[in-house]
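Here is the structure we will look at.
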2 protein chains.
Amino acid sequence: MATMQRMQAKGLELFYSKGYYNTSVDDVLKELSMSKGAFYYHFDSKEDFFIQIVQNLLARKVYSTLIEPIEGHENPIWNITKCFEDVLESAVNNEMDFGCLLSNFLSEFNGRNETIMKHLNDILSIWEVNLVYALQKGKSNDHLDRHVDCEAVATYLMSAYFGVRTLMAGASPSARKYRFMGQLKQYFRLIEAKNVTV
Amino acid sequence: MATMQRMQAKGLELFYSKGYYNTSVDDVLKELSMSKGAFYYHFDSKEDFFIQIVQNLLARKVYSTLIEPIEGHENPIWNITKCFEDVLESAVNNEMDFGCLLSNFLSEFNGRNETIMKHLNDILSIWEVNLVYALQKGKSNDHLDRHVDCEAVATYLMSAYFGVRTLMAGASPSARKYRFMGQLKQYFRLIEAKNVTV
DNA sequence: ATAGTTACCGACCGAGTCGTCGGTTTAAGT
DNA sequence: ACTTAAACCGACGACTCGGTCGGTAACTAT
């Protein structure tokens with residue numbers, strides 16, 4: 001049991017830094033000083049290994065970093081702002097960012113592995129559903145303008161988040177985070193209660 | 001000459017659909033019915049091949065689809081809206097989207113190949129510079145509110161674009177494009193002249 | 001004691017990878 | 001007709017990859 005978890009944790013770490021196709025099973029094993037036999041005792045294949053990681057580690061971490069923080073009955077705009085701020089700050093500090101992982105893996109597997117894409121899309125849609133739900137609750141609590149299209153806002157927020165992570169990977173992450181958050185806050189003023197939107 | 005260009009065009013096509021690390025030189029050669037000899041006569045290595053493609057094809061296409069359309073003295077907001085609309089529409093129709101390519105490659109090479117990352121970042125920063133310039137010109141032409149932070153808007157727009165492309169790759173691209181563009185237009189109302197922003 | 005199960009080892013296989021190299025064709029120059 | 005060089009061929013080497021398999025040590029049940 002502990003072995004499986006060690007393998008998964010290290011696997012996620014390497015897949016995160018080098019990508020799935022660019023990380024070999026031997027790479028993972030070498031870092032753990034373990035053998036091929038141990039690996040194939042616990043997992044059917046490299047793909048199975050990855051899917052286990054997605055379900056056990058990625059899904060839970062996306063939940064705890066991107067979904068849980070925006071639950072509750074407070075103003076969803078404030079919650080989402082705080083959530084993005086936190087997660088981007090940890091990204092600046094080179095900590096593992098599970099939302100970014102999701103976005104990277106979506107790019108890497110898109111059109112290349114249907115099975116894995118399905119699992120990733122499941123996580124994506126859970127995030128989406130929860131965002132929409134949080135926004136709708138915000139509407140009924142009079143935090144959001146009642147003309148707001150919650151699905152559209154959710155799509156827009158997910159886009160913006162994925163995009164800024166790609167961009168931050170390129171150069172000057174700190175400056176880009178700052179600029180991005182500034183504009184996001186501007187955007188949020190639009191959908192706040194008391195503003196009229198279409 | 002013609003041979004090199006055929007190779008590069010096919011190379012871009014395959015790297016786009018399968019990724020760089022997941023496409024072998026033999027894959028490209030097989031589709032062209034050409035030999036290893038021909039390949040290594042024209043290019044030093046697979047990496048050299050890719051860099052040539054980036055400089056010759058990707059850079060030019062990014063220019064013609066994302067930069068040229070927003071040049072000129074008209075309202076940059078209108079230009080950018082139209083530009084994004086067009087390029088996302090072609091993405092919906094499964095045509096090759098060079099902005100998306102840029103974003104995919106940024107993910108794929110991030111932390112894995114410094115040399116290639118440098119070339120990609122060059123293209124990225126050309127796009128950024130031109131966006132900022134177009135926005136600044138819009139400010140002096142009174143299309144944009146004069147309090148707008150052009151760098152921040154550019155960062156935000158690039159983020160949003162990259163993100164929505166990642167998201168559209170997942171599922172229901174058409175619906176997501178529609179929702180995204182709707183919110184983008186809302187955002188643009190904020191930075192138009194006559195609105196006050198911070 | 002013995003038999004069975006769990007967890008693990010690591011040599012090995014075949015397929016595929018990038019890149020090399022000796023050789024061939026084609027076309028132009030003299 | 002002869003030389004030369006550009007363009008191209010494809011077998012091959014060196015290596016990496018995911019995955020297999022026969023073996024083994026430790027523990028448990030009987």
Side-chain angles (χ1 to χ4, degrees), chain A residues 1-57 104-105 108-109 111-120, chain B residues 1-56 104-105 108-109 111-117 119-120:
Chain A
M1 273 307 106
T3 304
M4 274 183 75
Q5 275 164 6
R6 276 181 65 220
M7 284 179 171
Q8 290 184 21
K10 182 60 75 178
L12 182 64
E13 190 186 317
L14 292 185
F15 289 142
Y16 174 63
S17 59
K18 310 202 306 170
Y20 175 81
Y21 290 113
N22 216 22
T23 302
S24 68
V25 174
D26 286 337
D27 288 341
V28 180
L29 262 18
K30 195 183 290 173
E31 293 232 358
L32 292 167
S33 303
M34 301 191 79
S35 70
K36 272 277 174 72
F39 183 86
Y40 283 95
Y41 175 75
H42 290 290
F43 305 99
D44 292 341
S45 64
K46 187 186 179 187
E47 183 177 308
D48 173 54
F49 178 52
F50 185 77
I51 292 172
Q52 302 272 340
I53 290 177
V54 167
Q55 289 179 331
N56 292 327
L57 298 179
N104 284 355
F105 288 147
E108 185 166 10
F109 292 110
R112 278 145 231 167
N113 187 316
E114 274 307 312
T115 314
I116 292 181
M117 273 306 273
K118 207 201 146 300
H119 289 278
L120 296 174
Chain B
M1 273 306 109
T3 303
M4 275 183 74
Q5 274 164 5
R6 275 181 64 223
M7 283 179 170
Q8 290 184 22
K10 181 60 75 178
L12 183 64
E13 191 187 318
L14 292 185
F15 289 142
Y16 174 63
S17 58
K18 310 203 306 170
Y20 175 81
Y21 290 112
N22 216 19
T23 302
S24 69
V25 174
D26 285 338
D27 288 341
V28 180
L29 263 16
K30 193 183 291 175
E31 291 233 357
L32 292 167
S33 303
M34 300 190 77
S35 70
K36 270 282 174 65
F39 183 86
Y40 283 95
Y41 175 77
H42 290 291
F43 305 99
D44 292 340
S45 63
K46 187 186 178 186
E47 181 176 310
D48 173 55
F49 179 50
F50 185 77
I51 291 172
Q52 302 272 339
I53 289 176
V54 167
Q55 289 179 331
N56 292 327
N104 284 355
F105 288 146
E108 186 166 9
F109 293 110
R112 279 146 230 165
N113 187 314
E114 273 308 310
T115 315
I116 292 182
M117 273 306 273
H119 289 278
L120 295 174

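Since the model is a prediction, treat every value here as computed from it, not as a measurement. Numbered from 1 within each chain, the chains take letters A, B, ... in sequence-line order.
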Check: Looking at CG of Asn22(B) and CD of Glu108(B), how far apart are the two atoms once the value is rounded to the nearest 0.5 Å?
Finding: 8.0 Å
Item checked: Rounded distance (Å) that lies between atom P of dC18(C) and atom CD of Glu47(B) -> 13 Å
Check: To the nearest Å, how far apart are Phe49(B) CZ and dC18(C) P?
Finding: 11 Å
Next item on the list: Report yes if some heavy atom in the side chain of Lys46(B) is under 4.5 Å from a heavy atom in the side chain of Tyr20(B); otherwise report no.
Entry: yes
Note to self: By the 4.0 Å heavy-atom rule, please label Lys46(A) as base, sugar-phosphate, or nothing.
What the structure shows: sugar-phosphate
Next item on the list: For Met34(B) and dT25(C), give me the distance from atom CE to atom C1', rounded to whole Å.
Entry: 14 Å
Item checked: Sub-4.5 Å side-chain heavy-atom contact between Arg112(B) and Tyr21(B) -> yes
Checklist line | Atom pair CZ/CD of Phe109(B) and Glu47(B) - distance to nearest 0.5 Å | finding: 8.5 Å
Notebook entry, point to check: For the pair made of CE in Met7(A) and C1' in dA7(C), what is the distance, rounded to whole Å?
Noted result: 10 Å
Checklist line | Opening and closing nucleotides of DNA chain D in contact with chain A, under 4.0 Å to non-hydrogen atoms | finding: dC17(D) to dT20(D)
Notebook entry, point to check: Can you check side chain to side chain contact (heavy atoms under 4.5 Å, CB included) on Tyr40(A) and Val25(A), steps first, answer last?
Noted result: CA-CA 10 Å; Tyr40(A) 283 95; Val25(A) 174; 4.3 Å; yes
Next item on the list: Round to a whole Å and report the spacing from NE2 of His42(B) to P of dT20(C).
Entry: 16 Å
Check: Can you list, by residue number, the residues of residues 8-33 of chain A that have a non-hydrogen atom closer than 4.0 angstrom to DNA chain C?
Finding: none
Note to self: I want to check one thing: is the phosphate of dG19(C), taken as OP1 and OP2, less than 4.0 Å away from some side-chain N or O of Tyr40(B)?
What the structure shows: yes
Extract all donor-acceptor atom pairs below 3.5 Å that involve side chains of residues 1-16 of chain A and protein atoms in other chains or at least two apart in sequence.
unit_1, atom_1, unit_2, atom_2, d
Gln8(A), OE1, Asn56(A), ND2, 3.2
Lys10(A), NZ, Glu31(A), OE1, 3.3

Note to self: Between C1' on dT26(C) and OH on Tyr41(B), what's the gap in Å once rounded to a whole number?
What the structure shows: 12 Å
Next item on the list: Could you tell me the separation between the CZ atom of Phe43(A) and the CD1 atom of Ile51(A), rounded to the nearest 0.5 Å?
Entry: 12.0 Å
Next item on the list: Let me know the distance between CZ of Arg6(A) and C1' of dC8(C), rounded to the nearest Å.
Entry: 12 Å
Checklist line | Interatomic distance, Phe50(A) atom CZ to Gln55(A) atom CD [nearest 0.5 angstrom] | finding: 11.0 Å
Notebook entry, point to check: Side chains of Ser24(A) and Asp27(A): is there a donor and an acceptor less than 3.5 Å apart?
Noted result: yes
